[in-house]
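This structure is a prediction, so every number in the text was calculated from the model and none was measured.
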Amino acid sequence: MSTSPSWGGPAWEKRVRSSARVRRASGKSVLVTGAAGFVGMHVAAALKRRGDGVLGLDNYNAYYDPDLKRARQALLDRAGVFIVEGDINDAALLRKLFDVVPISHVVHLAAQAGVRHALTDPGSYIHSNVAGLVAVLEAAKAADPQPAVVWASSSSVYGLNSKVPFSEADRTDRPASLYAATKKAGEEIAHVYNNIYGLSITGLRFFTVYGPWGRPDMAYFFFTRDILRGKPVSIFEGPDHATVARDFTYIDDIVRGCVAAVDHAGKSTGSGGKKHGQAPFRIYNLGNTSPVSVSDLVSILEQLLKVKAVKKFVKMPRNGDVQFTHANITLAEKELGYHPTTSLHSGLKKFVRWYLEYYSTSLSKQASEEDRSISS
């Protein structure tokens with residue numbers, strides 16, 4: 001027995017059109033996949049604020065707390081951004097979205113994230129990061145006119161590369177994790193669609209993005225939770241107690257890079273699935289250029305939370321994590337005007353303020369709901 005899709009119909013199409021309506025001269029109509037995700041929510045909100053038409057797409061999977069994704073959705077809903085609930089692998093849904101609105105740009109941020117989760121569910125990475133990317137590029141290829149595509153690759157593609165800082169011209173053929181391998185595969189697939197079909201494609205290699213509304217599977221997030229609960233915080237060390245460090249990049253800086261990539265994307269050149277000229281294909285690092293050790297990250301959190309962490313130093317496991325990341329952002333500075341401005345201390349200060357407010361509100365709401373159920 002066939003089931004009808006959960007999308008479609010006149011009311012649904014009206015919401016799609018309203019959300020994607022451009023409200024400024026020379027504005028863009030942008031489809032943001034993964035719009036209920038961390039980066040997706042912030043990018044969608046920024047584009048909407050400046051008057052672009054923005055339509056979201058998200059499947060609200062349970063890799064981490066779907067309630068957090070729903071809270072982000074509520075925020076975007078208030079801003080006038082409609083998030084269509086659906087999967088990027090649903091070709092019929094993607095076709096429908098391109099039919100209903102003239103999408104000029106796709107910001108493709110939907111992905112299965114996280115290095116360690118791939119050890120237990122490798123198939124989800126192939127489904128989202130490889131098959132899902134192909135589905136989005138197929139829809140973009142077939143659209144008339146074709147949109148420009150900006151998508152999230154990852155700094156993890158540098159893998160076992162030991163030359164730092166990481167530059168876009170460096171080797172990326174030695175991934176350390178399945179997640180990294182799927183993002184590297186995505187870059188190669190994107191190149192094919194640019195070469196054969198004339199899609200304008202910009203890949204963005206994000207470096208450890210953090211900030212308010214962030215992902216609970218990221219170290220800074222669960223360190224904050226564990227420090228407040230008095231639970232031990234595991235600090236990874238490399239061989240011979242070597243420092244593990246990350247190029248932590250604040251969400252507002254990443255968003256500015258994403259928006260600049262949209263504005264500098266250049267046009268796709270294909271129609272009817274055929275290429276009619278060269279289209280831009282570019283890859284940029286978006287980082288902060290200031291790697292900070294995990295020990296220093298914990299020290300900053302201790303200061304901001306006014307709580308001493310219970311530290312446990314452990315040898316870095318062989319699970320696909322790398323010891324060090326450091327972005328060379330010369331190309332993004334030159335071509336996108338990208339200039340990160342937020343230090344880790346000031347960025348974490350904003351995150352901690354959000355975290356305490358969000359979770360105190362969630363806990364009080366949960367408590368009042370429990371009280372109501374007891375009294376009823």
Side-chain angles (χ1 to χ4, degrees), residues 39 42-43 107-109 111 113 115 149-177 179-188 190-191 194 200-211 218-220 236 238 242-266 280-294 296-297 316 320-348:
V39 179
H42 284 280
V43 169
V107 179
H108 178 47
L109 302 172
V115 166
V149 179
V150 174
W151 78 285
S153 183
S154 168
S155 61
S156 68
V157 299
Y158 292 109
L160 302 176
N161 186 10
S162 57
K163 172 190 159 290
V164 288
F166 299 153
S167 166
E168 293 88 347
D170 291 343
R171 281 184 70 174
T172 54
D173 59 350
R174 293 174 294 174
S177 66
Y179 169 70
T182 61
K183 286 297 187 177
K184 173 60 178 173
E187 291 187 355
E188 304 300 337
H191 185 271
N194 165 265
S200 165
I201 300 181
T202 307
L204 303 175
R205 293 174 178 168
F206 296 160
F207 281 72
T208 316
V209 191
Y210 73 98
M218 299 288 283
Y220 73 93
F236 288 162
T243 298
V244 171
R246 292 285 179 271
D247 197 342
F248 294 99
T249 315
Y250 188 61
I251 183 62
D252 289 4
D253 291 325
I254 288 289
V255 168
R256 279 191 286 272
C258 290
V259 171
V262 167
D263 289 343
H264 290 78
F281 179 82
R282 290 168 294 202
I283 290 177
Y284 299 103
N285 286 340
L286 294 186
N288 196 48
T289 74
S290 308
V292 176
S293 73
V294 179
D296 287 348
L297 166 71
M316 195 166 173
D321 272 324
V322 294
Q323 191 177 324
F324 198 81
T325 64
H326 183 184
N328 177 333
I329 59 167
T330 308
L331 192 63
E333 284 177 327
K334 182 179 157 198
E335 297 190 5
L336 300 180
Y338 172 72
H339 299 289
T341 58
T342 314
S343 69
L344 184 59
H345 189 281
S346 61
L348 284 175

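- Salt bridge absent: Asp173 and Lys184 never bring a charged side-chain N and a carboxylate O closer than 4.0 Å.
- Partner of Phe206 under the side-chain contact (heavy atoms from CB on, under 4.5 Å) criterion, chosen from Cys258, Ser155, Ser153, Ser154: Cys258.
- Checked by atom type and distance alone, the side chain of Ser293 pairs as donor or acceptor with a backbone atom of Asp296 at under 3.5 Å.
- Residues His108 and Val150 have side chains not in contact (no heavy-atom distance under 4.5 Å, counting atoms from C-beta outward).
- Checked against side-chain contact (heavy atoms from CB on, under 4.5 Å), Asn194 has the following partners two or more places apart in sequence or in another chain: Ile201, Ala279, Phe281.
- Judged purely by atom type and a 3.5 angstrom limit, Asp253 uses its side chain to pair as donor or acceptor with the backbone of Thr342.
- In this structure, the side chain of Lys334 does not engage the main chain of Ile329 through any donor-acceptor pair within 3.5 Å.
- Within the 3.5 Å criterion, the main-chain N or O of Leu204 finds no donor-acceptor partner in the side chain of Arg282.
- No cation-pi contact links Arg246 to Phe207, judged by a cut-off of 6.0 Å to the six-membered ring centre and 45° from its axis.
- Taking the side chain as every heavy atom from C-beta outward, Phe248 and Asn288 never approach each other to under 4.5 Å.
- Close placement of the Tyr210 and Tyr250 rings is indicated, their centers lying within 6.0 Å of each other.
- The OG1 atom of Thr172 sits 14.0 Å away from the NZ atom of Lys183 when rounded to the nearest 0.5 Å.
- The side chain to side chain donor-acceptor pair (under 3.5 Å) check on Glu168 picks up nothing, with sequence neighbours excluded.
- In this structure, Asn161 contributes its side chain and Lys163 its backbone to a donor-acceptor pair below 3.5 Å.
- Using a 4.5 Å heavy-atom threshold, the side chains of Leu297 and Tyr220 count as touching.
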I'd like to know whether Tyr284 forms a side chain to side chain contact (heavy atoms under 4.5 Å, CB included) with Glu335, so could you lay out the CA-CA distance, the side-chain angles of the two residues, the decisive distance to 0.1 Å, and finally the verdict. CA-CA 9 Å; Tyr284 299 103; Glu335 297 190 5; 2.6 Å; yes
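- In this structure, the separation between CD1 on Ile283 and OG1 on Thr202 is 9.5 Å, given to the nearest 0.5 Å.
- Within the 4.5 Å cutoff, no side-chain heavy atoms of Thr289 are placed close to those of Asn328.
- The closest donor-acceptor contact from the side chain of Thr249 to the backbone of Asp247 lies under 3.5 Å.
- For the pairing with Tyr158, the side-chain hydrogen bond (donor to acceptor under 3.5 Å, both in side chains) check across Arg205, Arg174, Arg171 returns one residue only, Arg205.
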